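Presented below is the structure to which this report refers.
Keep in mind that this is a model prediction, so the values were computed, not measured.
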Amino acid sequence: MEKKRYYTWNDALQEKFGGKIFKVPIDAGFDCPNRDGTVAFGGCTFCSVSGSGDTMVAPEAPIPQQFHEEVAFMHQKWPEVNQYIVYFQNFTNTHAPVAVIRERFEQVVNLPGVVGIAIGTRPDCLPPDVVDYLAELNQRLYLWVELGLQTTFEETSRLINRAHDYATYVDAVARLRKHQINVCTHLINGLPGESLEMMRENLRRTILDSDIQGIKLHLMHLMKNTRMLRDYHEGRLQLMSKKDYISVICDQLEMIPANIVIHRLTGDAPWDSLIGPMWSLKKWEVLNGIDDELSRRDSYQGKFALVR
């Protein structure tokens, strides 16, 4: 395959492990602090009832069974792969006492072929004892902490019921990096009220203010049965066009230093619950469009890299 003009997750894993790796999604039964009343109720307005795990094979099974069923499903396409990163994906996977977190995470550490763990969480769910446990895990296997930031703008954060501020995110990254833990930040393009320049500014602030090693850039998917439907019907949310999305992604890639791993440039949404943008269902057309636009610009990740 022709090498991409950006530093892909697959490139990083090939360098680290010398082959293809499965990222195995797991629902470990955690909730979120802005769903259960710890900081708010109702969750982020874009979030579906299953969190980010709409495409999981067996989300209600015990954790080891989930792992084996997901791996069996993936082996239908790639039977030769035998190394895995377990991705604790749904909701906020450090929103519990550290003893509970440890009990759930340790269930996968010694499963066959597991070489790493990725943990999806929020910046406000990383108390000192949890960070200490993550530092211990980081000494034992390959670890990424994926922090949902989504936006750097406080007005947007309030509108989507994020229930933490930007300063909390910056502090969380700093505390994780004291232990050399890899951090991947999630940003969403197309949130209510955010212009293309604000999307570029989200990326600019994230790179300049925090020492991250990876980034996930998502498209705002409008899903059925979410609170964001109200914003859409009341005119606060305009669904992005494919042209604008590809353009702003390329702008963002140009600003990202070349050593930062690009974990994702768009997301997946189940067709039967997606309201829009419907063009996002053709994921490979979007990714090919990004490649084509970078080629048209004669550009690449880091062409106008920001420096902290």
Side-chain angles (χ1 to χ4, degrees), residues 1-4 6-30 50-94 101 104-121 134 137-148 181-186 212-218 221 260-271 280-284 286-288:
M1 294 179 62
E2 183 180 353
K3 189 171 178 63
K4 298 284 188 180
Y6 52 90
Y7 186 25
T8 71
W9 174 235
N10 281 337
D11 288 340
L13 294 178
Q14 286 279 350
E15 292 171 7
K16 178 71 177 179
F17 298 105
K20 187 171 181 61
I21 305 287
F22 282 163
K23 194 174 184 183
V24 183
I26 294 291
D27 183 344
F30 294 100
S50 59
S52 56
D54 295 285
T55 59
M56 285 183 176
V57 174
E60 297 181 359
I63 290 172
Q65 182 181 337
Q66 288 186 53
F67 171 82
H68 291 299
E69 292 196 26
E70 291 283 352
V71 167
F73 178 76
M74 294 173 178
H75 277 164
Q76 295 176 24
K77 187 172 183 180
W78 296 284
E80 73 285 358
V81 177
N82 59 9
Q83 296 184 99
Y84 315 105
I85 292 173
V86 177
Y87 181 23
F88 289 93
Q89 180 178 17
N90 281 34
F91 299 118
T92 304
N93 291 275
T94 59
I101 296 167
R104 295 180 189 179
F105 288 3
E106 293 297 326
Q107 292 184 49
V108 304
V109 168
N110 294 315
L111 290 175
V114 172
V115 296
I117 292 178
I119 300 163
T121 192
L134 297 179
L137 275 180
N138 195 44
Q139 296 299 313
R140 295 159 55 194
L141 75 174
Y142 188 60
L143 178 68
W144 282 86
V145 173
E146 301 198 14
L147 287 182
I181 295 170
N182 291 320
V183 177
C184 173
T185 296
H186 294 214
I212 62 171
Q213 292 64 56
I215 195 161
K216 276 188 178 180
L217 300 172
H218 297 264
H221 289 120
I260 291 180
V261 181
I262 309 300
H263 288 237
R264 173 167 282 185
L265 289 179
T266 187
D268 298 295
W271 65 270
S280 67
L281 291 172
K282 297 180 179 179
K283 181 177 178 179
W284 285 106
V286 179
L287 293 174
N288 289 339

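Remark: Q14 engages no residue in a side chain to side chain contact (heavy atoms under 4.5 Å, CB included) (not counting sequence neighbours). With sequence neighbours left out, the ring pair (Phe, Tyr, Trp, His ring centres under 6.0 Å) criterion links H263 to W9, W144. T266 is linked by a side chain to side chain donor-acceptor pair (under 3.5 Å) to nothing, counting only residues two or more places apart in sequence or in another chain. Legend: residues meeting side chain to side chain donor-acceptor pair (under 3.5 Å) with H68, ordered by chain and number and at least two apart, are absent. Considering only residues two or more places apart in sequence or on other chains, K282 meets the side chain to side chain donor-acceptor pair (under 3.5 Å) condition with none of them.
For the pair R104 and F88, the cation-pi test (distance below 6.0 Å, angle within 45°) is failed.
Among all heavy-atom pairs drawn from V183 and I212, the shortest one is O-CB, 3.7 Å. Between Q107 and L111, the shortest heavy-atom distance links the atoms O-CG, 3.6 Å. For the pair E70 and V24, the tightest heavy-atom approach, listed with the atom from each and the gap, is CB-CG1, 3.5 Å. Considering all non-hydrogen atoms of both residues, Q66 and A61 come closest at NE2-O, 2.8 Å.
Of the inter-residue distances, the one linking Q89 atom CD with K23 atom NZ reads 8.0 Å to the nearest 0.5 angstrom. Here the CD1-CD1 distance, from I63 to I26, works out to 7.0 Å after rounding to the nearest 0.5 Å. Once rounded to the nearest 0.5 Å, the distance linking OG1 of T185 with CD of Q213 reads 8.5 Å. Put simply, CD1 on I101 and OG1 on T121 are 7.5 Å apart, with the number rounded to the nearest 0.5 Å. Expressed to the nearest 0.5 Å, how far CD of E146 lies from CG of N93 amounts to 10.0 Å. In this structure, CD1 in I215 is found 11.5 Å from CG in L147, a value given to the nearest 0.5 Å.
Side-chain contact, E69 with Q65: a donor N or O sits under 3.5 Å from an acceptor N or O. Checked by atom type, the side-chain pair Y7/E15 shows a donor-acceptor distance below 3.5 Å.
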Show me the donor-acceptor pairs, under 3.5 Å and distance only, between side chains in residues 76-86 and residues at least two apart or in other chains.
from, atom 1, to, atom 2, distance (Å)
Y84, OH, H75, NE2, 3.1
Y84, OH, V81, O, 3.3

Could you walk me through whether H221 and L281 pass side-chain contact (heavy atoms from CB on, under 4.5 Å), step by step? CA-CA 10 Å; H221 289 120; L281 291 172; over 6 Å; no

Check the pair V261 / D11 against side-chain contact (heavy atoms from CB on, under 4.5 Å), numbers first and verdict last. CA-CA 8 Å; V261 181; D11 288 340; over 6 Å; no

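Taking the six-membered ring for Trp and the full ring otherwise, the centers of F17 and Y142 sit less than 6.0 Å from each other.
Between I262 and T8 the shortest side-chain heavy-atom distance does not fall below 4.5 Å.
In this structure, E60 places its CD atom where only 12 or fewer heavy-atom neighbours from other residues, nucleotides or ligands lie under 6.0 Å away.
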